[in-house]
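Step one of this worksheet: look at the structure below.
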Amino acid sequence: MSRHYLIELTVNGDLHSVAVRASDTLLKVLRDDLGLTGAKSGCGVGDCGACTVLLNGSPVNSCIFLAVEADKQEITTIEGLSQNGQLHPLQKAFIARGSIQCGFCTPGMVLTAKALIDKNPEPSEEEIRQGLSGTLCRCTGYTKIVEAVQHWQEYKDPAVRPNLTGAISSASVGKRLPRKDSLEKVTGRAKYTDDIQLPNMLHGAILRSPLAHAEILSIDTSKARVLPGVKAILTGKDVPDTPYGVSPARYDEHILAKTKVCHWGDRVAAVAAVDEDTCRRALDLIEVEYKELPAVFDPMEAMADDAPLILERYPNNINTRVDWNFGDTEQGFADADLVVEDIFTGNKTHQSPMEPHCAVSEWDSQNRLTVYTSTQVVHYVRHQLSRLLEIPEGDIRVIGTHCGGGFGGKAEVNPLEICSALLARETGRPVKMRFSRSDMFYHGRGRHKQTVTMKIGMKRDGTLTSVRQKSIVEGGAYSSFGIIATYYSGSMVPTLYKIPNYKYDGYRVNTNLPACGAMRGHGCPHPRFAFESLLTRMAKELGLDPIDVRIKNAMTPNTKTINELDVGSCELVACLEKVRRESGWDEKWGKLPFGKGIGIGCGGFASGAGYPIYRSKFPHSNAVIKVSEDGHTVILYTGEADIGQGAATVLSQIVAETLGISYERIKIVYADTDSTPLGFGAYSSRVTLMGGNACKMAAEKINMLIRETAAELLEIPGDRVKMQDDLVFDEANPGSVLPWPEVAAHFFASQGPLLGQGHYSPPEGLGGKFKGATVGTSPAYSYTACVCEVDVDVETGLVTVTSFTDAHDLGTPINPMGVEGQAEGAIAMMLGETLLEEVVFDKKGQILNPNLHDYVLATAMDVPPIHSFVVDSYEPRGPFGAKEVGEGATLPVIGAIANAIYDAIGIQIKELPITPAKILRELQNARRAKNRTNQ
Amino acid sequence: MAEFTYHRPARLTEAGDLMATLPGARLLAGGTDLLNDLDAGLVSAQHVISLRDIPELGSITERADSIAVGAGCTIAAIEASPVIHKYFPELLSVGLVFATPQVKHRATLGGNICSAVACGDFPVILTALQAEVTLYSAEGTRSVPMREFPLANRKTCRRDSEILTEIIIPKKPPAALARYEKFRRRAAGSLAVASVAVYLDLDGTRCRQARIVLGAVAPSPVNAVEAAALLQQKDLTPEVIRQAADLARKAARPITDVRATAEYRRELIFVLTQRALRAMVGYHGEIR
Ligand SMILES: Cc1cc2nc3c(=O)[nH]c(=O)nc-3n(C[C@@H](O)[C@@H](O)[C@H](O)COP(=O)(O)OP(=O)(O)OC[C@H]3O[C@@H](n4cnc5c(N)ncnc54)[C@H](O)[C@@H]3O)c2cc1C
Ligand code: FES
Ligand code: FES
């Protein structure tokens, strides 16, 4: 038994005596012993700031601070910031300004900001960015956070209640309403999976392979089993043989390795024990004998005939092959005045949401499994658990807790969900499992790295004649979302510009690296980078303006693309014109001094996949609305998830607008497979359009019932009944009016529960008949243009992005503040992917930077001001005319930055990330070449 | 993290006695390095001795011809110190590019020096400023020049039982100045890819004395003696500066790691050295 120390902590003004171990961090004591779970664990090593608390008024990382060192000190956590029920002005500012998305960074961010304004009540923007630079946010792009701190004084008046701004009238759609969950998030009350503590709960951990490719000869768990505190150990032979994955055609993963490991960090065993420390010690005691096999990390090498075969079923390690041919590309190139072909290489990036994956499983007395998890897709998780555990879906309840960001990384079932369920079954106790930051990287599922050979034919006037694309998609050891990513790589290319002839060759190749998965913009950013780079280069070569060339070829509304996708609304031209004007493009492009540049990029994305991931006859999204007996409150149940993107808010607004009642009346329950009807979840940017349509339909059912009831009460024909501003009245005689709740309560009194249900499936028959034609189909497509300006330090190669101007066609913005937040976040993330981020491996397949120090995310200091605009557009298939923004907004960014660098230095960097070293090397080569020609 | 026994002495002598008697003891200052190292198993400790309550370590005092900074002063405390503002504004600019606001409230100057990580910031500038460190142990006190203190990456000449108590920085002559240039991958919260500290005593644009110290390009800060010697008694023209920077580049012995290649680091030294010198002399414009 280790020694305990009795310490006195004053936390939020209350004195606590706590017995702690010497090695306990303050974060652990606050969270586990005092139940103050507002401080989050995002990395555990001081890099992310999610654990920030105030120590005697100064911000510190509680994860690298021993609790014993806090003895007799004053600690403030987020829970202590509001006083007497009054939020701190900063908290109000965060709510009102839309500074919160997933909310995982929020407690740390608010506290860091608090420390800043306590010292300096009117900080400059620079001081704010500096002050917040130790707290990372993956969602917001920092823009709205900085804004909240700039304006915090406006919220000092206790009468200012941000959660009511502008929501009195029932017109909800198009309003900058605060998020449904912002109050919980800004006060630290929001429960994320890791905040859940169940009685008698055990902890679990996974043993990872120390080799990239090896046969498992034997596993000896005997020493680990006798370690006090260890309750269960599972290895490959103890878990079901059923393989799983994402696409049924490619189920190729095992819960734990059966006979061999396929990448460094692959899963070998799982342990449950009384605490995480014991789990870690137990993992060290498991003895595994491996026979190392030759490994391959490069996709080109992996395709060679003599390459080691990673999974038997994929000859030459080719996991997916796409061969698309639309029109006659040869003829197209023959018709062109300029044909350019070049190779562009992407980078292996990782979603790195601030919240690492976590799951808690529990079996109840009815032998039913409940899994709490941080996921984008509760129903897919349930589907896979049912397959793997061989129990009916109805006996599994998956509850999506608050989710601290996903970006695609939480769009599939994960080993924590499966192993915690198995360990909980084995031990008869609840089991919590969470990934460390390093686990996140070894679990992988980040962006597929693509090497894209792009060939474009263009007429002298800029008209595109032909495009040929080949993508080598490095996929890692398992399929995950690989097939889909590979098809997306091609399918989205012809949606942006009119391409009369298009050929796409895609190869998704397995390697001995962690599996790649779905990441925001799924499969599209790297080909888009190639395309946008070439387009600008060709425009320049032909003496044309890059924006003119884009306008000339821009997709138009109601067009069928060459790959048979149905484009409905499309305002790409308006987006281009908007950013041209707002950025001052015409005065700048080609005219800035050496080292300064401006660039344009475009993008767009599907508003939800036209087909589900596995064959299903169910509607894609479903909703139930239940009105409380007193008619006061409307509860919306939806299976979709709010992972920070704002779905709960947007869906509530749609329901409020449809019902003609105020936004405050709508309460939402989401992502719980027991209480909410099936929704495929938050991926492929589907929730606003699909979830929105289902919710709208459910609300319309309620309207029908309200109308009937009111018609009876007001003694008028039903078609004269109107609902608006929480009232139900006679359109012909507005004086004849009833409060909406009264009508609803009357319904209950006479007919029982007031319920509405709705569902949505995409139109039937989307897409062509060719192989893979379903990928890329969608009811609607978003469009985006983005202009970016950069300063290149030509001595070091360092790029500073100085501004972004972006315009979006996302149909009707349901919540403009949310839209801006998505766009700003997308830009910041892609700025990181363009300039900073890359998972780097050594020669043996071990990751060199599985942490947030050397896997470099943009801080508040790296992200420039972002000016986002929405152009007028209406999508008939979307609820109130809305479509997506979350992924489309990511797609123009790489191209825009790369083109700005090209404008600044006259050289195109064709390999991501565009690091200072690469720029410097190219500049030096150019200088040398110039000197040679001068001699 | 493995368990250990925790001690919190209230006096330096007490800490010294504990260090002398307890085997496998480690000092704990801000813990920003130590906790991560313990957790990762990079170091082990049976006993951890907290410096939190030792008053001597927390002050910044002006002496006749030097400033003494207590080893336990946090970077944030240094940034807030009027004495530092007055005598060593160059340390403020190091603070500006050091770690994150949260880390700065815990990380101590003594910890930064004793960690002796190759890419650490303060040892570089302190070497250029000819600081000395004072080491205390139950056996006595000694002082070591900063330039001799670090031996290699994570290795110093500190004996296991010694406690770094203060850092003594000699006041600069009236016309002397120092500057720190750090290159990092992003604009905040990043360790140096390469850094350069320059100390100059100037007579107009003429150099009376110079020191150039390079960071993150060798296991410990590199005193670029030849580069500095080249400047001595010269008018610091752009050409002279370029030549010195070239010598500095040659003095670097960088490695390739996940942050940068050795080649790029050398290039950075060339640029950063010129930048520092040019800024100090007052030249503007592009290098080369
Ligand atoms: C997110 C993050 C970012 C960082 N960024 C930077 C950066 O940009 N630049 C940089 O240089 N560093 C950076 N660091 C490291 C920096 O925080 C540390 O080097 C810090 O200065 C160490 O001080 P400390 O008080 O935390 O030391 P501790 O962690 O308490 O101790 C460090 C070591 O020094 C020993 N020690 C401490 N005090 C004494 C003493 N008085 N006498 C003898 N031995 C002692 C300890 O035993 C231990 O071995 C960063 C760290 C983190 C977590
Ligand atoms: S959890 Fe403490 S900084 Fe990331
Ligand atoms: S809101 Fe900042 S990380 Fe999600």
Side-chain angles (χ1 to χ4, degrees), chain A residues 2-3 5 21-25 44-47 49 51-52 55 58-61 63-66 68-69 71 108 112 115-116 129-136 277 595 793-798 800 832 835-836 840 848-849 853-854 856-862 915-917 920-921 924 927, chain B residues 1-8 28 30-36 38-41 45 47-48 50-53 74 76-77 80 96 99-107 183-191 193-194 257-261 263-265 267-268 270-272 274-275 286-288:
Chain A
S2 56
R3 186 177 153 197
Y5 299 76
R21 288 189 303 187
S23 65
D24 285 343
T25 61
V45 295
D47 288 326
C51 63
T52 302
L55 170 74
S58 301
V60 299
N61 305 103
C63 68
I64 48 170
F65 183 30
L66 291 182
V68 274
E69 288 278 282
D71 186 22
T112 342
L116 177 70
R129 288 186 183 270
Q130 179 91 39
L132 300 180
S133 63
T135 315
L136 298 174
D277 277 343
D793 176 341
V794 294
E795 293 160 4
T796 62
L798 188 71
T800 307
L835 300 173
L836 305 171
V840 185
L848 291 170
N849 55 348
H853 201 91
D854 286 318
V856 191
L857 306 185
T859 70
M861 295 276 284
D862 297 278
T915 59
L920 197 64
R921 194 173 54 220
Q924 285 172 338
R927 215 170 280 139
Chain B
M1 208 185 303
E3 250 348 286
F4 47 78
T5 308
Y6 173 79
H7 309 261
R8 193 163 66 228
L28 170 68
T32 60
D33 278 330
L34 185 66
L35 258 66
N36 286 340
L38 284 171
D39 201 41
H47 297 270
V48 166
S50 166
L51 299 175
R52 190 190 96 174
D53 289 350
T74 63
L96 214 56
T100 66
Q102 288 97 317
V103 169
K104 280 197 277 191
H105 279 104
R106 297 293 306 155
F183 188 87
R184 27 182 197 164
R185 282 296 310 282
R186 66 176 171 196
S190 267
L191 294 163
V193 174
D257 64 11
V258 69
R259 289 180 201 133
T261 61
E263 182 197 354
Y264 183 65
R265 284 195 161 98
E267 213 39 51
L268 282 177
F270 180 61
V271 172
L272 297 180
Q274 290 188 71
R275 279 204 178 157
E286 203 193 324
I287 299 178
R288 283 166 231 273

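Values reported hereafter were calculated over all heavy atoms of this structure, with side chains retained and with hydrogens, waters and symmetry mates removed. Every chain is numbered from 1 and lettered A, B, ... according to where its sequence line falls, protein lines coming before strand lines.
- For the set A:D71, A:T52, A:L132, the entry with the most heavy-atom pairs within less than 4.5 Å of chain B is A:D71.
- Expressed to the nearest 0.5 Å, how far CG of A:L848 lies from CG of B:D257 amounts to 9.0 Å.
- Using a 4.5 Å cut-off between heavy atoms, B:D39 touches chain A through backbone and side chain atoms alike.
- Of the atoms belonging to B:R184, it is backbone heavy atoms, and not side-chain ones, that fall under 4.5 Å from chain A.
- Note: B:S50 leads B:S50, B:A260, B:G30 in heavy-atom pairs under 4.5 Å with chain A.
- Of the residues considered (A:L798, A:L835, A:D47), A:L798 shows the highest number of contacts with chain B, using heavy-atom pairs under 4.5 Å.
- Once rounded to the nearest 0.5 Å, the distance linking CG of B:L34 with CD1 of A:I64 reads 10.5 Å.
- Ion pairing of A:R3 with B:E3 is absent here, as no side-chain N (NZ or NE/NH1/NH2) approaches a carboxylate O to less than 4.0 Å.
- In this structure, the portion of A:V840 lying under 4.5 Å from any heavy atom of chain B is its side chain and not its backbone.
- At a 4.5 Å heavy-atom cutoff, A:D24 makes no contact with chain B through either its backbone or its side chain.
- Using a 4.5 Å cut-off between heavy atoms, B:V258 touches chain A through its side chain atoms alone.
- Of the listed residues (A:V856, A:V68, A:N849), the greatest number of heavy-atom pairs within a distance under 4.5 Å of chain B belongs to A:V68.
- With contacts defined as side-chain heavy-atom distances shorter than 4.5 Å, the pair A:R921/B:E267 does not qualify.
- Under a 3.5 Å cut-off, the side chain of A:D862 and the backbone N or O of B:R186 do not form any donor-acceptor pair.
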Applying side chain to side chain contact (heavy atoms under 4.5 Å, CB included) to B:F183 and A:D793, what does each step give before you reach the verdict? CA-CA 12 Å; B:F183 188 87; A:D793 176 341; 5.6 Å; no
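- For chain A, no part of B:A99 is nearby; none of its heavy atoms comes within less than 4.5 Å.
- Annotation for B:A188 and A:M861: closest pair CB-CG, 3.7 Å, computed over non-hydrogen atoms.
- Interatomic distance, OG of A:S58 versus NZ of B:K104, reported as 12.0 Å (0.5 Å rounding).
- When B:L28, B:V48, B:V193 are compared by the number of non-hydrogen pairs under 4.5 Å with chain A, B:L28 comes out ahead.
- The shortest side-chain heavy-atom distance between A:Y5 and B:T5 falls under the 4.5 Å cut-off.
- Under the 4.5 Å side-chain criterion, counting only non-hydrogen atoms from C-beta, A:L836 is in contact with B:R185.
- Residue A:L66 holds its CG atom at 10.5 Å from CZ of B:R8, rounded to the nearest 0.5 Å.
- Heavy atoms closer than 4.5 Å to chain A are found nowhere in B:T261, neither backbone nor side chain.
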Checking side chain to side chain contact (heavy atoms under 4.5 Å, CB included) for the pair A:E795/B:R275: CA distance, chi angles, key distance, verdict? CA-CA 10 Å; A:E795 293 160 4; B:R275 279 204 178 157; 2.5 Å; yes
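- Side-chain contact between A:R21 and B:M1: absent, with no pair of heavy atoms (C-beta onward) separated by less than 4.5 Å.
- Ranked by heavy-atom pairs shorter than 4.5 Å toward chain B, the options A:L55, A:T25, A:T135 are led by A:T135.
- Using a 4.5 Å heavy-atom cutoff, the side chains of A:E69 and B:Y6 are in contact.
- Proximity of A:Q130 to B:P101: side-chain heavy atoms (C-beta onward) are nowhere separated by under 4.5 Å.
- Remark: the backbone N or O of A:T796 is paired with a side-chain donor or acceptor of B:Y264 at under 3.5 angstrom.
- Residue B:L38 does not touch chain A at all, counting heavy-atom pairs closer than 4.5 Å.
- For a residue to count as touching a neighbouring chain, one of its non-hydrogen atoms must lie under 4.5 Å from one of that chain's; by this rule A:N61 touches chain B with backbone and side chain alike.
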